[in-house]
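Accompanying notes for the structure given below.
Ligands are counted one by one from 1 in listed order, and the atoms in each one are counted from 1 as well. We're numbering straight along the sequence, starting at 1. Just the heavy atoms: all of them, side chains too, but no hydrogens, waters or symmetry mates, feed the values below.
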Amino acid sequence: MPLTNTRPTAQLQALDAAHHMHPFTANTGLAEKGTRIITRGDGVWLTDSEGERLLDAMGGLWCVNIGYGRERLAQAAERQMRALPYYNTFFQTSHIPAIDLAAKLAQLAPPHLNSVFFAGSGSEANDTNLRMARTYWALKGQPQKSTVISRKNAYHGSTLGAASLGGMGAMHDQGGLPIPGIHHINQPNWWLEGGDTDPQDFGRQRARELEAAIHEIGEDRVAAFIAEPVQGAGGVIVPPDSYWPEIQRICDAYDILLIADEVICGFGRTGNWFGSETVGWRPDIMTIAKGLSSGYQPIGGSIVSDDIAAVIGAAEFNHGYTYSGHPVAAAVALENLAILEEEQIVPYVRDTIGPYLATKWQSLTDHPLVGEARIIGLMASIALTPDKATRAAFAADPGTAGYICREHCFANNLIMRHVYDRMIISPPLVISKDEVDIMIDRIWTALDQTYQTLQDDGLLRPAG
Ligand code: PXG
């Protein structure tokens, strides 16, 4: 029996406002406005407590790759809960879902990555990676090789370690971050930071900042470089093509580990199983979460190279989470991977729906507000600008225009996010062509309305 909401929205909103602290939110302001309460999901569609249907162009939070409402995942969870709802893997025990999921991930991952350390989320997995990379070098007799290089505007999670690895200034400003031993280089965001430089030259320059940082810190003091194949939460920043091979060249030239954060890019998002394959990286560690279970259960992990597994395995790695490899989460993840394979969803993204969306996405640059449109697989972004020719920012505070656009999207029953003045999407991978058409239609409507609002409010002015 499907659950149906029978409670008044206002009552739910009041309880939410009184007791629920929302992540990344000014809760007092939200309490005054009231939350939109989501009650059901089916495919790419959500239903709210008023019975409105919304097209979820964000796939939840970049994670519902196989879409909402999959009965098979509910059944897998129920079966596993009845058989064994919980057991740990700490003290010489194991269980079937964790064993099968680790083996399946080893099969899906590049050939040299065959071992999995489970976590409950992407943040936890990146904390694991930080400790594992440093421990790896310490066990090899080089404890001073401990600095991890990352990028500004990267997102690697919200725990102390992961937020330090990330490059979000607003996060570092709160709680005394980053922790020591993390170094941030610039991101490959040509639209915002490329100036007059040719995009391909800019891509190479930004990659070579990694080499410069290694020289500055000293190769014998750098443990690893961590990066998303394509920055997601930073605004779906698809770098110029020249960027990725240069990063791989530099990682090969120096004795440092490459950690590919696949939390968003993994499990079909970019048209291959892993974003690393799409961008031609050969990582030593991959961070996974989100699409691993399509968000149906909280689970993450690190898939590591044979070399790292051998070195780390020789000693006791004093690290682990109560829910590492949780049997219900692992069983649900396995069912999710089975569906991704059976329905050939990864080739569908690469060969069918990705190219279909790409054409429509590029056409958004015909809108007067849209500067560049970038897309890779089924993650995409557009940059809003008051002047395309100069790639100008708005005179208003960054994010003002983006927020207005997001509000218009929401009012049109389309969930599309903004990162400052970039609009981003990451829809379920099962989205159909008809649904892409509806999504693009609603985006056009929201862009027209945004243009009108900006004009009415005198906000169409470029920054001086
Ligand atoms: N790495 C990447 C690349 C991510 O995108 C994490 C790690 C952390 O995963 P957990 O499971 O701990 O959340 C993420 C998460 C946003 C947003 O606003 C993005 C994420 C999380 C919350 C908000 O786009 N990505």
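An N or O contact shorter than 3.5 Å is missing between Glu228 and ligand 1 by distance. For ligand 1, none of its N or O atoms has an N or O atom of Glu124 under 3.5 Å away.
The cationic group of Arg36 lies under 6.0 Å from the six-membered ring centre of Phe410 and within 45° of the ring axis, placing it in a cation-pi geometry. Judged by the 6.0 Å and 45° rule, Arg269 forms no cation-pi pair with Phe267.
Here the heavy atom of the protein found nearest to atom 16 (C) of ligand 1 is Arg417 NH1, 3.2 Å. Of the protein's non-hydrogen atoms, Ile264 CD1, 3.2 Å is the one closest to atom 5 (O) of ligand 1. Of all protein heavy atoms, the one lying nearest to atom 11 (O) of ligand 1 is Gly122 N, 2.9 Å. Closest to atom 22 (C) of ligand 1, if we only count protein heavy atoms, is Leu61 CD2, 3.5 Å. Ranking the protein heavy atoms by distance from atom 2 (C) of ligand 1 puts Tyr155 O, 3.3 Å first. Nearest to atom 1 (N) of ligand 1 among the protein's heavy atoms is Asp261 OD2, 2.7 Å. Of the protein's non-hydrogen atoms, Ser123 OG, 4.2 Å is the one closest to atom 13 (O) of ligand 1. Given atom 17 (C) of ligand 1, the protein heavy atom at minimum distance is Trp62 NE1, 3.9 Å.
Under a 3.5 Å cut-off, the side chain of Ser94 and the backbone N or O of Thr89 do not form any donor-acceptor pair.
Within 6.0 Å of CD1 on Ile99 lie more than 12 heavy atoms contributed by other residues, nucleotides or ligands. The local environment of CZ in Phe202 is crowded, with over 12 non-hydrogen atoms from other residues, nucleotides or ligands closer than 6.0 Å. By the 6.0 Å contact criterion, CZ on Arg221 is open, its count of non-hydrogen atoms from other residues, nucleotides or ligands being 12 or less. Open room surrounds OH on Tyr420; 12 or fewer heavy atoms of other groups in view lie less than 6.0 Å from it. Atom CZ of Arg350 is surrounded by more than 12 heavy atoms from other residues, nucleotides or ligands within 6.0 Å.
Listed by atom number, the atoms of ligand 1 under 4.0 Å from Ser121 heavy atoms are 11 (O), 12 (O). Each of the following atoms of ligand 1 lies closer than 4.0 Å to a heavy atom of Asn126: 1 (N), 7 (C). Short contacts between ligand 1 and Ala233, defined as distances under 4.0 Å to a heavy atom of the residue, involve ligand atoms 16 (C), 19 (C), 24 (O).
The two residues Met58 and Ile424 make their nearest non-hydrogen contact at SD-O, 3.5 Å.
A heavy-atom separation below 4.0 Å is not found between Met58 and ligand 1.
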